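Below: the structure, in structure tokens.
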Amino acid sequence: MARYNAKTTEAKWQAAWAEAKTFEAAEDPDRSRPKYYVLEMFPYPSGRIHMGHVRNYAMGDVVARYKRARGFNVLHPMGWDAFGLPAENAALEKKVHPAKWTYENIDNMRDQLRAMGLSLDWSREFATCDVEYYRQQQKLFLDLHKNDLAYRRESWVNWDPVEHTVLANEQVIDGCGWRSGAPVERRQLSQWFFRITAFQDELLNALGDLERWPEKVRLMQANWIGRSEGARLRFTVKGREAEGQSSEIEVFTTRPDTIFGASFLALSPDHPMTAQLAAENPAVADFVAECRRLGTSEEVIEKAEKLGFDTGLRAAHPFLDDVELPIYIANFVLIDYGTGAIFGCPAHDQRDLDFARKYGLVVLPVVIPDDIDSIEFSVDKEAYVGPGSLANSQFLDGMSIEQAKSEIAGRAEAGNFGTREIMYRLRDWGVSRQRYWGCPIPMVHCEGCGVVPVAETDLPITLPDDVTFERPGNPLDDHDTWGKVACPSCGKPARRETDTLDTFVDSSWYFARFCSPRAEQPLDRTAVDYWMPVDQYIGGVEHAILHLLYARFFTRGIETCGHIGVSEPFSGLFTQGMVCHETYRDDAGNWLEPTDVDRKADGRVIRTDNGVPVNVGRSEKMSKSRKNVIDPEDIIERYGADTARWFMLSDSPPERDLEWTDGGIEGAWRFTGRIWRIIEESAGALPAPGQPVPAQFDDNALALRRLTHQAIGAVTDGIERFQFNVSVARLYELANALGSFKAGDDDTGGRWAQREAIETLVVMISPMMPHLAEEAWLTLGQSGLVANAPWPVAEPALLVEDTITIAVQLNGKMRATLEIARDQPEDEVRAAALALEKIEQAVGDKDVRRVIVVPNRIVNVVV
RNA sequence: GCCCCUGUGGCGGAAUUGGCAGACGCGAUAGAUUCAAAAUCUAUUGUCCUUAGGACGUCCCCGUUCGAGUCGGGGCAGGGGCACCA
């Protein structure tokens, strides 16, 4: 018997699918088959696929192949998220042009993906750095600009004062530039923005309709958009009226009810009044400069120690004539949220409390939990943010929080010093990047005409090839000729916009472009109207907020421009977990690769080269820095793609992290061998394909048929519910049953049932192990590809057992089981349960108080 | 700091969503086969108690219920995101 040769077999079937164009999709004008668009998040072409990709694409391929088998017209494309920082880093480190580096990486990764045997329509492939793609993106940018959805304004960036470069957050390490080591500064720059806030309500409300999205992703997005109802209150600053300076501070608060607990106001270091004060007072300027050294990330700002600067100014309390509130500048007040100024109520906000304790400010509780006396209640180290009623608040005393909020807002509106307001945390999307390897923004700066869009007929604005990465900063700024153009409006010399677009823009519409990848316009309406939205989108949960929110916005944006007819790009979303591996370090703390260590039978782990014991660390996400990576190419080379895919799908639930183990991949490998043995050993003895159902089956054959049809139900259900690990377990069971099934030569019923079971098994493993399935299909005497075979349908009669075993509990504890016919009347089940020897014994002479009978499930006897 | 998620045998996990906890896989142990090994096959495998059998058992504490891995409250631990990594 020939051993299954994964390598040659897989290559053979990959060629066969390509030859037959099995996976090339086309619109189906009469819609005889329902369409199904399944998409995995496209990869960044780093050069090699990693296990995360293998997992992601294995899952997507299961869905794609399964839906094909269920009769859907499936679109399953692939492309490359090809712009971005790593190519520029490579250019700097390896002296390779980003384009060359990127396209070589793509060639390499395409080969790797092809070796996985994915049911992809490669005819639609493109990279976002293809001129054809970014040319269309420039067209979309112009349209968004026309519709006032793209605009320009000042905003803050991380600035490296040594390299004169804008830094990405990941390039800021402990507040310093990653290359220069110089402390990073926050700086203002004029930049391009997309008006995502124009859709903030819609983006929030539409989350409710995304029923096939994980609840947690919808929640995270809702929190990100951060709609909150509150009030804008105006405070008068004492003693500044005369100087012609701004004499009012507007704060936004979600807790106007706590106004009587206010003990200070705080301005953001970037607030306009702060700037005025800094001009007057060098100490303020110093403090602001110190704050700006923190960088732009919210995480860093919120984690930093709360620092404030007392400006010496005082504001009048709007309801208390004799109270003045000190005005601070505080490093934790964000300019981008609300009005850039707050009133601090330390008793009911943790940040305010930390701040008040540090600067010795009053902490007065004004909301008292309902079960505590207001005199006894005090706030020490933890602010009280729970429910309660108002106290120490004059006319608010005794009110609920909601009543008090409304009361204050009403009085503020009546007194003309405030308004009710709904505020969003969401900020407009800054899309400008001062980098080379991105989509050029098709705009021109003219001294006379201002910012002028490039004419559509002048697109594409292509990136120049002859750039150097020696000098810090944006190479496009340094280019001799590229930036010099005639103004599209007046024709006078002008300069090109040198900012390029955030790569999140590229990934905000690629899914739509896949519908018509070669169209002359960004999107062909016939094609997008047919295919969109994506029915099932699959990718890492790390994209739960930004990428998915941007894509949802962008789709609405281009809908406004008439390019697409849907507002939601992804009707179904699945977020998969990461691939992890244990980590190894030597005694010096250096990371070791899995290939450098050996696990002995007694459990010891040693270095392969010198036998020195290794410290085994926790399993963590595979990453180059921890060296705990397994290269998919090595795995596919050694075991084949089917085995790798099978392992990715077994054991771990898809949404959870997967632990890579040698044992796991070996197990998957043995299973491919077992399937092949079952096929080879039985194929010759089976009846020909397509024989009519025999009239008689013996118990043995009937049991196999039952199991087969139950497996159909369970495997199908598992795939539908994204529980591939459960489907895999059921397939193991079916294979186990087949492995031990024996039928006599003249047992036609048994032989028929055996073929039915084997064919069912082969079709159901085909989405997971497509190559092995094709080879098995051929060996079973079938003509045509299993890729085109229909999914099996379970016979309802074979799904249910006649006799069932139900559990019998005594006071909730399992005491016995009862074999009984299905669907018996309650009385009979009760009587049968009470008559059980074990139950009779256990009950003894105690009173049976109650008997709970759950049909076909359980009986609980309560004594 | 803020938001979100996860926690079940030696390990990955299952549990029809409140009804027999541990399906299936890995590992381990014993046996068969083999000159030997690999591969394969068979059996056992949550913990504890000496056995028939029983007690305990889903991160910890408290609660709801005839009944809780599942529901509620409070903790602990690990992970993801935080707007210029993708």
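What you see is a predicted model; the values in this text were computed from it and never measured. Here is the naming used below: chain letters follow the sequence lines, and residue numbers restart at 1 for every chain.
Note that OG1 of Thr803(A) is 11.0 Å distant from CG of Leu818(A), once rounded to the nearest 0.5 Å.
Of all nucleotides present, only C49(B) satisfies the Watson-Crick or G-U wobble test against G53(B), with each distance under 3.5 Å. Pairing for C11(B) goes to G25(B), judged as Watson-Crick or G-U wobble with the two contacts each under 3.5 Å. Pair assignment for C82(B) gives G1(B), based on Watson-Crick or G-U wobble hydrogen-bonding distances that are each under 3.5 Å. In this structure, U70(B) makes no Watson-Crick or G-U wobble pair, since no nucleotide meets both defining distances under 3.5 angstrom. Remark: U6(B) base-pairs with A77(B); criterion is Watson-Crick or G-U wobble with both hydrogen-bond distances under 3.5 Å. With both pairing distances under 3.5 Å, A32(B) is matched to U40(B) as a Watson-Crick or G-U wobble pair.
No contact: His547(A) has no heavy atom under 4.0 Å from any strand.
With G1(B), G25(B), U16(B) as the choices, the nucleotide that has an atom nearest any side-chain atom of Arg857(A) turns out to be U16(B). Comparing atom distances between the Lys303(A) side chain and each of G1(B), G19(B), G80(B) picks out G1(B) as nearest.
Rounded to whole Å, the separation between the C1' atoms of U58(B) and G7(B) comes to 10 Å.
Listed in residue order, the members of residues 423-432 of chain A having a heavy atom less than 4.0 Å from RNA chain B are Arg425(A), Leu426(A), Arg427(A), Gly430(A), Ser432(A).
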